[in-house]
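Taking it in order: structure first as structure tokens, then the write-up.
Just so it is clear, the values below take in all heavy atoms, side chains as well, and ignore hydrogens, waters and symmetry mates. Read the numbers this way: they start at 1 and go in the same order the structure lists the ligands and their atoms.
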Amino acid sequence: MESTSNQLQELRSILGKMEIALGAVDSAIVWTNAQGQIQWCNRSFDCLVGKLHIMILGKELQTILPLYYDGVIVPDAKYPVALAIKNKGKISESYECYLQEKGAILEITATYVEIAVNEPKEISIVITINDITEQQRTQTLLQQSKIELENRVALRTQELVKLNERLNQQNYELQAAKQIAEDANKAKSSFLATMSHEIRTPMNAVIGMTGLLLETNLDKQQQDFADTIHNSGEHLLNLVNEILDFSKLEAREMQLEILDFDIESSIEEVADILAKPAYSKGIEIATFIHPDTPKYLQGDISRLRQILLNLTNNAIKFTERGEVIIEVGLETELANSAILRFSVIDTGIGIPESAQHKLFQPFIQVDASTTRQYGGTGLGLAICKQLVELMGGEIHLESEEGKGSTFWFTVPFQKQINKSRGNHSLGIEILQGIKVLVVDDSITNCNILYHQMRSWGMTVDVLIKSTDVIPSLHRAIEMGQPYQVALIDMQMPELDGEHLGIQIKGSTVLKDLHLIMLTSLDQSGAATRMLEIGFADYICKPVRKARLLNSLVDTITGTLNEQKLTRKELNTKEIRPASKLRILLAEDSPINQKIAVNQLHSLGFKVDVVANGQEALDLLVTVPYDIILMDCQMPILDGYSTSRQIRDREAKPNYKFPKVIIIAITANAMREDRERCLEAGMDDFLSKPVRKEDLARKLDYWNQTLAEKNDVNPVPNIETLLPSSDTPEVDDILSDSVVEIDWQYLDEMCSGNNEFKQELLQAYLISMTEHLAVLTIALSANEYRDIEHEAHFIKGSSSALGITGVARLANILEDSGKNKKLPENATILLEKISKDIEKIKSLA
Ligand code: ADP
């Protein structure tokens, strides 16, 4: 009994503890019977429903805790208790509930429990309730923010899509604009090329014809007018060239050409070209190439020349007195390349500091007023800068107002492989230790000559006052160290070079001193006068290094004295005065023909002229020309096709003549045109209008190249074969039964090679038969143009082989065709030509 009461007490105690423990749980716990009446609940449930524990027990849960779903009260059958009983399991659901005037969301789990202590089994439902209002709110808020965020993202995405579409549209428009700009650029380039062609062609005529006009007898006023036209033409052409260059550079179309060149002669050439304008202003011009500068280089020499010409031209333009020096030195040297530094130094007006930084921009001039003293476009320096940068260098300026300017730039070049730093080693050892005195009032010139001659091992002293020379020479003799050579400048104050020379040569003590005259004035007759005084040589400034070296070596070895020079212009001895080159000019424009022929004649060259490519091809069958000056645009057969055909012929195994040099004459300065010329097989090109100096330089170059290959055989020019006073009259030729052939000439031309001579004659006969037939038809139909053309051809081919009789007869027919009046004996002339050709057939 006691144990039962103890057990009961123990059970109560356990129940009490359970009540306390379950009361401490946050979740409300309630236990009902199958009818939903509350059997037990914990403290959290009391708090949830806000009722005293005692008031709850035995009550129906549904009344104490009415539940709602979407605002609608949950009916009995759907109440968690009923549902758990129905399922005989566990159900879990969230409900709304309004307790103590406060809405809440409850998460309710109802568990069906069968208690099998008694029979029938007792059914209980255990319900746990959690207030998830806060959790739910947070979740709702989270959900809302999520939705909001999603909406915002969607909106942004939409905006981005639109932006993207806009960008795409803009991209498309930009692409289209770019295409338009590129097309415009191409159009601009081709417009420029066409314009340059269109402008250059008439300019060629203007400059060329005024050049011819100036060589005729004009009175002073006419001379003035013609000079003005000539100068304005040159100026205009310069302008066109500058604008064309500038736009090519801007459009990045300027391409560099890599050629082998010799820096020394290239620099000296620039000085040579500008020597005349410099000396006519009374300015000295000199070049100084530092002895350690590599001589043989590879690069775009014509662009380098263009920069130097531009800077030197400016230097002369902006200098009233003093000197202009072109200096070249080595900046850096590697095994295969070198960076050179070029400086153009003047003693001119200088450039204010404020203007210096902007001068390399286009169209900028220090004095931009319309009343400015110096002309110009303001493009020169901009072009120089772009060209220097294109070649991989940089350009700078140092200047002081009133004192002068130095424009300097660097350019990297490749060195020519297998060509060492060349010294003119010919005879240089003779100069070792030779004592030389330089007399020049220009300190710079003294300086340059000093360094040049020192690099050849000479002992050099300089004097800038000519009146000090005689005492110095005496002093040197007294000290037992006499001078062997003196280089004396012609133009010096107080005592000029000529008088100084007279004094030296008049002195019994000094007369053995070798004298070399340096002069910037190439007066006619001066050279002979100097030689008469006793000067060993006479060198024109700017002094070319090679020329000075040759002169010194010749003077020391006595070669000059032995030769007893009587040449008037010794300085031009490098250029052949009259060439034996066989030149053919293929040019359709009569004006251009006149100009070119005149230029060639004045340079001492002889030339034959044809008016189109076909004529050139015909003539080339019989005449082995050395050089063809080939116009690119010609009727009938243009220069390109002609060149191609010539090269095809030359490639044939039985072709006997040496390869002819073809120099294109093109009005198009664009790179593609030049490439087109090379592709067609031409060797070189000259830009129209052709300047005499450029032509001379080109011919001189090819003359030397050909001469190196083999000796050029002289061919009598057509003109030289035409009637002269001591040649037989036409009537004599007509009555002569023998064919007049210059056998000696023909033999010389074939170098005694009989086989070759026969081949030549055969080719001549084949070609003559065809042309004679055409000439016969032309004569019977009085087709003057054809008569002239065919007779010209027969004349050219005949004279080229020394068949002089035929050439003279054909010449008469050619003239008659030209004058559109046939001579009475035209048929007799034709017959005689045919007969002669028949006779040659029997000889060949
Ligand atoms: P241009 O000479 O055709 O006007 P450039 O671009 O060659 O154009 O030169 C621009 C300007 O720079 C010149 O107008 C002149 O004011 C100045 N300039 C160039 N070289 C010299 C120089 N050696 N001495 C003084 N001023 C110079």
Side-chain angles (χ1 to χ4, degrees), residues 231-250 254 267 270-271 273-288 302-328 341-391 393-411 442 444 542:
N231 294 342
S232 307
E234 291 270 355
H235 184 70
L236 187 55
L237 199 66
N238 205 28
L239 201 79
V240 172
N241 287 341
E242 277 197 348
I243 293 174
L244 185 68
D245 272 354
F246 184 69
S247 18
K248 272 201 281 182
L249 280 162
E250 287 278 282
M254 184 80 81
I267 299 293
V270 172
I273 293 171
L274 294 175
K276 208 169 160 202
Y279 293 136
S280 65
K281 278 183 87 176
I283 302 168
E284 287 277 353
I285 181 165
T287 59
F288 180 45
S302 60
R303 296 295 163 210
L304 175 66
R305 255 198 225 118
Q306 184 178 354
I307 301 166
L308 284 169
L309 276 171
N310 218 323
L311 297 180
T312 315
N313 213 5
N314 274 352
I316 295 168
K317 183 160 82 174
F318 296 104
T319 301
E320 291 314 319
R321 73 181 71 85
E323 58 214 10
V324 170
I325 318 283
I326 308 173
E327 190 178 334
V328 186
R341 179 182 168 127
F342 300 83
S343 310
V344 178
I345 308 155
D346 69 55
T347 53
I349 59 170
I351 300 163
E353 214 177 327
S354 57
Q356 288 181 16
H357 67 281
K358 53 184 184 186
L359 276 188
F360 293 106
Q361 293 165 24
F363 307 111
I364 297 290
Q365 291 168 318
V366 174
D367 179 6
S369 66
T370 46
T371 53
R372 67 173 187 261
Q373 189 186 345
Y374 307 99
T377 54
L379 276 177
L381 291 179
I383 292 173
C384 287
K385 182 175 159 62
Q386 298 213 34
L387 284 177
V388 168
E389 287 172 1
L390 189 67
M391 292 202 276
E394 34 182 78
I395 188 164
H396 300 275
L397 154 69
E398 284 156 21
S399 184
E400 201 177 324
E401 230 179 326
K403 291 208 168 153
S405 313
T406 298
F407 282 86
W408 65 270
F409 61 94
T410 53
V411 179
S442 154
T444 316

I'd like to check [X] versus [Y] (side-chain heavy atoms, cut-off strictly below 4.5 Å). Are they in contact?
| X | Y | answer |
| --- | --- | --- |
| Leu274 | Val324 | no |
| Leu387 | Leu304 | no |
| Ile351 | Phe318 | no |

**Study point:** Which of the ligand 1 atoms, numbered from 1, are nearer than 4.0 Å to a heavy atom of Leu379
**Key:**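 Atoms satisfying the 4.0 Å criterion: 6 (O), 8 (O).
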Study note, to complete from the structure: Under 4.0 Å from one or more heavy atoms of Lys317, ligand 1 contributes atoms 1 (P), 2 (O)
Check your understanding: Side chains of Glu398 and His396: do they bring a donor and an acceptor to under 3.5 Å?
Key ->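 No donor-acceptor contact under 3.5 Å links the two side chains.
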Check your understanding: If you measure from each non-hydrogen atom of Leu311 to ligand 1, which part falls under 4.0 Å: side chain, backbone, both or neither?
Key ->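 No part of Leu311 is near ligand 1 at this cut-off.
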Review point. Which is it for Ile351 and ligand 1 at heavy atoms under 4.0 Å: side chain, backbone, both or neither?
Key: side chain
Check your understanding: How far apart are the closest heavy atoms of Ser405 and Gly350, and which atoms are they?
Key -> OG-CA, 3.6 Å
Point to revise | Asn310, any N or O under 3.5 Å of ligand 1 N or O | key: no
Check your understanding: Can you check whether Leu359 has an N/O within less than 3.5 Å of an N/O in ligand 1?
Key ->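 Leu359 vs ligand 1: no N/O contact under 3.5 Å.
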Practice item. Look at ligand 1 and say whether Gly378 reaches it with a heavy atom at a distance under 4.0 Å. Key: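 The answer is yes: ligand 1 sits under 4.0 Å from a heavy atom of Gly378.
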Practice item. Assess Phe407 for proximity to ligand 1: is some non-hydrogen atom of it under 4.0 Å away? Key: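 Per 4.0 Å heavy-atom rule, Phe407 contacts ligand 1.
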Exercise for review: Over 60° means perpendicular and under 30° means parallel, so classify the ring planes of Phe342 and Phe409, tilted if in between.
Suggested key: parallel
